[in-house]
There are 2 protein chains.
Amino acid sequence: MVRSAASLIRRRGLSGASFADIVADSGAPRGSIYHHFPQGKDQLAKEAIRATSEWVLAKQGACAAKTPVGVLECFIDLWRQVVVASNGAAGCVVAGVAVDTMPDATELMAAVRAAFDSWVDSLASQLRATGFPAARSRTLAVAALAAMEGALILCRAERSVEPLETVAGQLKRLAATR
Amino acid sequence: MVRSAASLIRRRGLSGASFADIVADSGAPRGSIYHHFPQGKDQLAKEAIRATSEWVLAKQGACAAKTPVGVLECFIDLWRQVVVASNGAAGCVVAGVAVDTMPDATELMAAVRAAFDSWVDSLASQLRATGFPAARSRTLAVAALAAMEGALILCRAERSVEPLETVAGQLKRLAATR
DNA sequence: GTCTATACGAAGATAGAC
DNA sequence: GTCTATCTTCGTATAGAC
């Protein structure tokens, strides 16, 4: 069910993913939504963010690259999978919630922030581990995340992986700069 | 009214910007919505995209920079204004629509694509005019757009301009690479 | 736990008077 | 052109039976 929610948020944004759609997509029993998610949609959105965040951290954590460019390639490939698997229709769950949520939904935004922060931390420490300058590791990690999030939006607009590949090339070039 | 719509879409996404909010924010007469926008919300969203797109093109077109880095600085500054003016609450109208719209809303997505494409074209031709290699101009333009769109999302999450500044630094570094 | 039914509100859109 | 009033749809959430 959380998986269905994440999948729908990726494709249509948070408010575009209704409970009706989610139960239809997941085949989950209609009557038990509020049994499992007493706090309703916010809670489901937070779980979707959490699940996505963990998926990203796990994938990225399994990266065995020994160079900065290799680390970025792992990260790029992770998002490439999302775009290719959906034929360019899907974006990032966390970004979907971030854009489509009121600024006063404090808890949700905190979940968004936590996800982004953990990804940056993970990338930065992997970059450092390859010998990349510590002072630039976090900076490059933030740039990589921003570049991918932006690329996902462009891919969605063009319904193609092409923008992601273009951005990926520039990102790798950046990592090769000294 | 279009301006109000754009402002609200930037802050809360497309579905978060209701007509009630828009008339309240703009002070426009409630009864004349469908007089001026016979096709309803889709039309208003398209107009908001169009207006935003033209604002970006005008701002960027006024850039007098003579170097690739200068051109990027103009583009960065444009988005910095958006973030700073809203205290980190606002993002990009076009991205807001792109993320928060169903894939089958063909016309809206076409407007999104047209806006992004025109921005890339504008940037690429300005880069070429500074003597930047023609083969890399479009590539760098796409990367710059993706980087800014992603940065806007991160800024929204952190409610700070800091991510934008970080990304900006890396982008300028990229333009300086040969 | 899961069901059906329904309350409740919000949002888009329409009708017809002025 | 703009108003008020209303219709319809849809989405979240709740109540109470099984």
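All values below were derived from every heavy atom in this structure, side-chain atoms included, with hydrogens, water molecules and symmetry-related copies excluded. Below, chain A is the first sequence line, B the second, and so on; all start at residue 1.
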Within residues 2-26 of chain B, the residues having a heavy atom closer than 4.0 Å to DNA chain D are none
Give the residues of residues 101-111 of chain A touching DNA chain C, defined as any heavy atom closer than 4.0 Å, sorted by residue number. none
Which of residues 34-47 of chain A have a heavy atom under 4.0 Å from DNA chain C? H35(A), H36(A)
For residues 146-178 of chain A, the ring pair (Phe, Tyr, Trp, His ring centres under 6.0 Å) pairs (sequence neighbours left out) are none
Residue pair F75(A), L171(A): steps toward the side chain to side chain contact (heavy atoms under 4.5 Å, CB included) verdict: CA-CA 11 Å; F75(A) 192 62; L171(A) 205 52; 5.7 Å; no
Looking only at atom types and distance, does a side-chain atom of D100(A) sit under 3.5 Å from a main-chain N or O of L14(A), one as donor and one as acceptor? yes
Sort and list the pairs that fulfil salt bridge (charged side-chain N to carboxylate O under 4.0 Å, His left out) and have at least one residue in residues 8-37 of chain A, not counting sequence neighbours. R12(A)-D21(A)
Do any pairs count as a salt bridge (charged side-chain N to carboxylate O under 4.0 Å, His left out) and have a residue in residues 149-161 of chain B, sequence neighbours left out, and if so which ones? none
Taking transitive links into account, so neighbours of neighbours count too, which hydrophobic residues share a cluster with V69(B) at under 4.5 Å side-chain distance? none
Linked hydrophobic residues, L44(A) as query - side chain contacts closer than 4.5 Å: M1(A), V2(A), L8(A), F19(A), I22(A), V23(A), I33(A), Y34(A), F37(A)
Under 3.5 Å donor-acceptor pairs involving side-chain atoms of residues 79-86 of chain B, not counting sequence neighbours:
residue	atom	partner	partner atom	Å
R80(B)	NE	E165(B)	OE2	2.7
R80(B)	NH1	D77(B)	OD1	3.0
R80(B)	NH2	E165(B)	OE1	2.9
Q81(B)	OE1	K59(B)	NZ	3.3
Q81(B)	NE2	D77(B)	OD2	3.4
S86(B)	OG	V82(B)	O	3.0
S86(B)	OG	V83(B)	O	3.1
S86(B)	OG	A89(B)	N	3.2
S86(B)	OG	A90(B)	N	2.9

D121(B) meets the salt bridge (charged side-chain N to carboxylate O under 4.0 Å, His left out) criterion, sequence neighbours left out, with R138(B)
Would you indicate whether the side-chain heavy atoms of Q43(B) and P38(B) approach each other to under 4.5 Å? yes
Using the rule that Ile, Leu, Val, Met, Phe, Trp and Tyr join whenever any side-chain heavy atoms are under 4.5 Å apart, tell me whether M102(A) and V97(B) fall into a single cluster. no
With sequence neighbours excluded, residues passing side-chain contact (heavy atoms from CB on, under 4.5 Å) with S53(A): L57(A), A115(A), S118(A), W119(A)
First and last nt of DNA chain C near chain B, cut-off under 4.0 Å to heavy atoms, 5' to 3', are dA11(C) to dT14(C)
